[in-house]
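Here's the structure, in structure tokens; my notes come after.
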Amino acid sequence: MNPKYSFIIPIYNEEETIPELYRRVSAVMEELDDTAELILVNDGSKDRSLQLMRNLHQKDSRVCYLSFARNFGHQIAVTAGLNFVRGQVIFILDADLQDPPELIPEMIEKWRQGYHIVYAQRTKRRKEGWFKRFTAYAFYRILKQLADVDIPTDTGDFCLLDRQVVDILNSMPERNRYLRGLRSWVGFRQTSVQFQRDPRFAGEVKYTFRKSLALAINGLVSFSRVPLQLSTYVGLLSAIVAILMAILVIYWRIFTPHSPLTGFTIILVAIFFIGSVQLVSIGILGEYIGRIYEEVKGRPLYTLAEINGFSLENINTKQMTARQVVKADHGRSD
Ligand code: UDP
Ligand code: MG
């Protein structure tokens with residue numbers, strides 16, 4: 001029998017938070033009206049996280065886990081969880097308890113009202129640095145302006161998904177997975193619940209500035225072609241400036257004896273300007289072409305080193321996005 005509710009939690013070096021995480025999530029699971037499973041995805045942790053996950057699985061059969069052969073990143077970890085999930089109602093949470101599991105009954109209430117996707121929207125970020133708050137604030141608003149789909153502002157990956165939605169997400173072949181965008185793209189009836197984002201329970205932030213920037217660029221490039229068009233617009237603009245300047249120069253040549261537009265500097269400035277516009281345009285092109293390259297290679301999204309808690313018939317390999325090498329060390333005895 002498949003459980004009705006599934007929790008997916010990506011784990012990267014979270015040994016300090018796992019015990020408390022388990023305590024709070026299992027407390028919520030007890031309160032639910034039906035069976036539940038907790039899928040932990042170990043994203044190549046270097047600390048004792050995997051060992052803790054094994055112990056939890058031994059103690060509590062509702063806990064299952066997948067373990068990647070290396071760090072593949074948060075979005076891929078969640079994707080793997082979605083590939084293996086068995087419930088009808090699926091929750092995605094962060095491991096650090098910034099997404100309070102206690103919000104889940106409220107989300108289920110919305111699901112009962114007929115919503116397929118219920119995403120949690122932060123009203124306030126408690127105790128996060130001004131830089132993170134500011135960049136996040138700006139990014140979500142820029143994305144909203146530029147993206148083809150309506151991606152709600154200030155939402156993370158914390159959400160409830162109906163089985164139907166998960167099946168569609170699993171059938172999407174793309175490897176650059178910006179789940180918040182894909183989630184909006186799917187459609188269906190979506191709604192939000194509001195919450196205040198607590199600070200991380202323990203440990204360091206696992207999203208370094210570089211990872212956050214990569215995620216932001218990924219979101220933009222995957223859901224908007226505006227950056228590509230930008231170079232066309234800038235090109236047109238500088239063409240107009242050039243024509244105006246040409247007319248001006250001819251005018252000065254004919255009507256004023258000492259032209260103000262002579263000399264080396266102006267040429268230098270123009271060369272630098274056009275050069276940088278061209279380089280930036282090539283860079284933007286590169287972002288898109290790089291992504292095409294990634295898609296074309298068709299490598300699996302992740303490699304699994306260990307899985308536990310899933311019986312073989314439950315693993316629907318067809319469902320897995322990447323035509324994969326899932327060479328899993330199945331049901332290790334430790
Ligand atoms: N995470 C992951 N792989 C990574 C980085 C992060 O699975 O490479 C997980 C991490 O364990 C946590 C979640 O993603 O469960 C969010 O990470 P974090 O709290 O560091 O990010 P933030 O709250 O700043 O978005
Ligand atoms: Mg966090």
Side-chain angles (χ1 to χ4, degrees), residues 10 12 73-79 92-100 103 117-159 174 176-186 190-201 203-238 273 276-291 294:
Y12 179 54
H74 176 212
Q75 302 288 303
I76 301 298
V78 174
T79 302
I92 299 171
L93 288 82
D94 278 358
D96 57 0
L97 293 163
Q98 284 196 290
D99 303 334
L103 204 64
I117 298 177
V118 185
Y119 49 84
Q121 195 162 28
R122 327 176 253 268
T123 49
K124 210 167 147 190
R125 285 164 171 266
R126 283 195 222 142
K127 290 207 188 108
E128 283 185 295
W130 66 269
F131 183 72
K132 170 111 189 183
R133 284 207 310 258
F134 171 75
T135 44
Y137 181 89
F139 168 70
Y140 286 114
R141 273 140 196 93
I142 293 172
L143 185 65
K144 198 176 172 64
Q145 287 301 311
L146 300 187
D148 308 329
V149 291
D150 194 13
I151 301 174
T153 50
D154 304 318
T155 57
D157 290 309
F158 185 22
C159 65
E174 60 211 271
N176 285 292
R177 302 187 81 84
Y178 185 66
L179 288 165
R180 291 155 219 190
L182 295 177
R183 188 175 74 201
S184 304
W185 181 89
V186 169
Q190 310 204 356
T191 188
S192 64
V193 292
Q194 314 285 322
F195 78 114
Q196 297 201 346
R197 195 151 210 241
D198 291 328
R200 190 170 235 291
F201 173 71
E204 298 276 291
V205 176
K206 306 301 179 303
Y207 256 94
T208 52
F209 178 70
R210 234 182 74 206
K211 277 188 180 171
S212 297
L213 187 68
L215 183 72
I217 292 177
N218 204 2
L220 264 180
V221 172
S222 301
F223 286 92
S224 173
R225 272 174 316 210
V226 175
L228 272 180
Q229 294 156 349
L230 220 59
S231 45
T232 318
Y233 297 139
V234 177
L236 281 177
L237 203 74
S238 65
F273 175 71
S276 56
V277 167
Q278 283 176 341
L279 286 177
V280 170
S281 308
I282 293 172
I284 294 174
L285 261 182
E287 283 294 330
Y288 285 84
I289 292 176
R291 253 148 258 259
E294 285 301 315

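Excluded from the calculations below are hydrogen atoms, water molecules and symmetry mates; all remaining heavy atoms, backbone and side chain alike, are included. A quick note: this is a predicted structure, and the numbers were derived from the prediction, not measured.
- A heavy-atom distance below 4.5 Å is found between the side chains of Thr155 and Arg183.
- Side chain of Thr123 to backbone of Phe195: a donor-acceptor contact under 3.5 angstrom is found.
- Here CG of Leu220 is found 5.0 Å from CZ of Phe139. Values are rounded to the nearest 0.5 Å.
- Put simply, the side chain of Ile151 does not reach to within 4.5 Å of the side chain of Trp185, judged on heavy atoms.
- Side-chain contact, Asp157 with Gln75: a donor N or O sits under 3.5 Å from an acceptor N or O.
- In this structure, Pro227 and Glu287 have side chains that are not in contact, with every pair of non-hydrogen atoms separated by 4.5 Å or more.
- Taking the centre and axis of the six-membered ring of Tyr137, the NZ or CZ atom of Arg141 falls inside the cone set by 45° and 6.0 Å.
- From Gln229, atom CD reaches atom CD1 of Ile284 across 11.0 Å, with rounding to the nearest 0.5 Å.
- Between the OG1 atom in Thr232 and the CG atom in Leu228 there is a gap of 8.0 Å [rounded to 0.5 Å].
- In terms of heavy atoms, Ser184 sits closest to Val149 at CB-CG2, 4.3 Å.
- Under the 4.5 Å side-chain criterion, counting only non-hydrogen atoms from C-beta, Asp150 is in contact with Lys144.
- To the nearest 0.5 Å, atoms OG (Ser222) and CG (Leu215) are separated by 9.5 Å.
- Residues that satisfy the side chain to side chain contact (heavy atoms under 4.5 Å, CB included) test with Gln190, not counting sequence neighbours, are Ile117, Tyr119.
- Applying the ring pair (Phe, Tyr, Trp, His ring centres under 6.0 Å) criterion to Phe209, with sequence neighbours excluded, gives Phe131.
- For the pair Gln194 and Ser192, the tightest heavy-atom approach, listed with the atom from each and the gap, is NE2-OG, 3.6 Å.
- Between the CZ atom in Arg122 and the OH atom in Tyr140 there is a gap of 4.5 Å [rounded to 0.5 Å].
- Under the 4.5 Å side-chain criterion, counting only non-hydrogen atoms from C-beta, Arg197 is not in contact with Phe158.
- In this structure, Ser276 contributes its side chain and Phe273 its backbone to a donor-acceptor pair below 3.5 Å.
- When every heavy atom of Arg225 is checked against every heavy atom of Tyr288, the shortest pair comes out as CA-OH, 3.8 Å.
- Of all heavy-atom pairs spanning Pro10 and His74, the tightest one is CG-CD2, 3.4 Å.
- In terms of modelled atom types and a separation under 3.5 Å, the side chain of Asp99 and the main chain of Asp94 share a donor-acceptor contact.
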* Step-by-step side-chain contact (heavy atoms from CB on, under 4.5 Å) determination, Gln145 to Val226 -> CA-CA 10 Å; Gln145 287 301 311; Val226 175; over 6 Å; no
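- Put simply, the side chain of Ser224 never gets that close to the backbone of Val221: no donor and acceptor are under 3.5 Å apart.
- In this structure, CD1 in Ile76 is found 5.0 Å from OG1 in Thr79, a value given to the nearest 0.5 Å.
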